[in-house]
Amino acid sequence: MTVSRRTLLATLAALPLSQSRAAPTPTTTKKETPRMYGLIGKMRATPGQRDALIAILLEGTAAMPGCLSYIIAKDAQDADAIWITETWTTQESHTASLTLPAVQAAIKQGRPLIAGFGERFETEPIGGHGLPPTQYPNN
């Protein structure tokens, strides 16, 4: 079932974005390679419900258009917390995934198990094991 993983995506997307943004890249005549988009976020389950929330999130991690990586990890120090690390082909592919009907259904399913959120970081993945490399300019 692809609904469960989308719970996390929708709830993370509802968090306010960081005020800090990278400086805009100067316009060049060379065609730019699309930048990958990453999210790293902490989610807190209601007490004793972490495993149930993880199960919901793990159910549908294979079928998200534009999603290159979606990792769920238990926090080793907090029995109710999980960390989610996502890599997307573009920020637009992440945003588009949040409009799917299955995402809306997943929010309804997962919301009762979510106590809140912790840190949230937006990143620009460059590459690594399992990811396509970007063409980073030689500066």
Side-chain angles (χ1 to χ4, degrees):
M1 184 171 169
T2 59
V3 173
S4 299
R5 180 171 72 117
R6 295 181 179 133
T7 298
L8 171 68
L9 298 175
T11 54
L12 286 177
L15 294 174
L17 296 177
S18 165
Q19 295 299 321
S20 62
R21 296 276 183 172
T25 307
T27 305
T28 63
T29 56
K30 194 165 85 172
K31 184 179 178 183
E32 290 187 31
T33 302
R35 295 180 178 173
M36 285 187 275
Y37 177 71
L39 287 172
I40 302 169
K42 185 175 186 178
M43 183 182 290
R44 292 193 40 83
T46 56
Q49 294 298 310
R50 178 170 76 175
D51 289 344
L53 181 56
I54 289 172
I56 290 170
L57 297 173
L58 286 174
E59 284 182 22
T61 58
M64 289 289 288
C67 185
L68 301 172
S69 176
Y70 189 90
I71 308 298
I72 300 168
K74 291 181 178 181
D75 188 302
Q77 311 302 308
D78 183 341
D80 293 320
I82 59 176
W83 287 90
I84 299 95
T85 305
E86 306 173 50
T87 304
W88 294 83
T89 53
T90 63
Q91 185 171 7
E92 291 77 18
S93 64
H94 171 260
T95 302
S97 73
L98 301 174
T99 65
L100 299 171
V103 172
Q104 301 304 313
I107 293 169
K108 186 175 180 179
Q109 182 183 3
R111 185 173 284 152
L113 301 180
I114 299 170
F117 300 92
E119 297 89 347
R120 180 180 189 266
F121 308 97
E122 291 186 62
T123 65
E124 183 183 331
I126 302 303
H129 183 75
L131 293 180
T134 61
Q135 295 186 6
Y136 217 60
N138 296 328
N139 290 336

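Numbers here simply count residues along the sequence, with the first being 1. Computed from a prediction, not measured in an experiment: that's the story for all the values here.
- Contact between P125 and G38 at its shortest, heavy atoms only, is CD-N, 3.4 Å.
- Here the CD atom belonging to Q49 is positioned 11.5 Å from the CD1 atom belonging to I54, to the nearest 0.5 angstrom.
- Between the CG atom of D75 and the CZ atom of R50 there is a distance of 7.0 Å, given to the nearest 0.5 Å.
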Start with the C-alpha distance between K42 and I82, add both sets of side-chain angles, then the distance that settles side chain to side chain contact (heavy atoms under 4.5 Å, CB included), and finish with yes or no. CA-CA 6 Å; K42 185 175 186 178; I82 59 176; over 6 Å; no
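- Scanning all heavy atoms of the two residues, the minimum distance from D80 to T46 falls at OD1-O, 3.9 Å.
- Between H94 and Y37, the ring-plane angle classifies as tilted under the 30° and 60° cut-offs.
- Atoms CG and CD1, on L53 and I72 in that order, are 8.0 Å from each other to the nearest 0.5 Å.
- When all heavy atoms of L68 and M36 are compared, the closest pair comes out as CD1-SD, 3.6 Å.
- Closest approach of L39 to R120, counting heavy atoms only: CD2-NH2, 3.4 Å.
- Here the closest heavy-atom approach between residue W88 and residue P65 is recorded as CZ3-O, 3.5 Å.
- Hydrophobic clustering of Ile, Leu, Val, Met, Phe, Trp and Tyr side chains at less than 4.5 Å, counting indirect connections, keeps I71 apart from L131.
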Verdict with supporting geometry, E119 and I40, side chain to side chain contact (heavy atoms under 4.5 Å, CB included): CA-CA 8 Å; E119 297 89 347; I40 302 169; over 6 Å; no
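- Taken from CG in D51 to CG in L113, the straight-line distance is 11.0 Å, to the nearest 0.5 Å.
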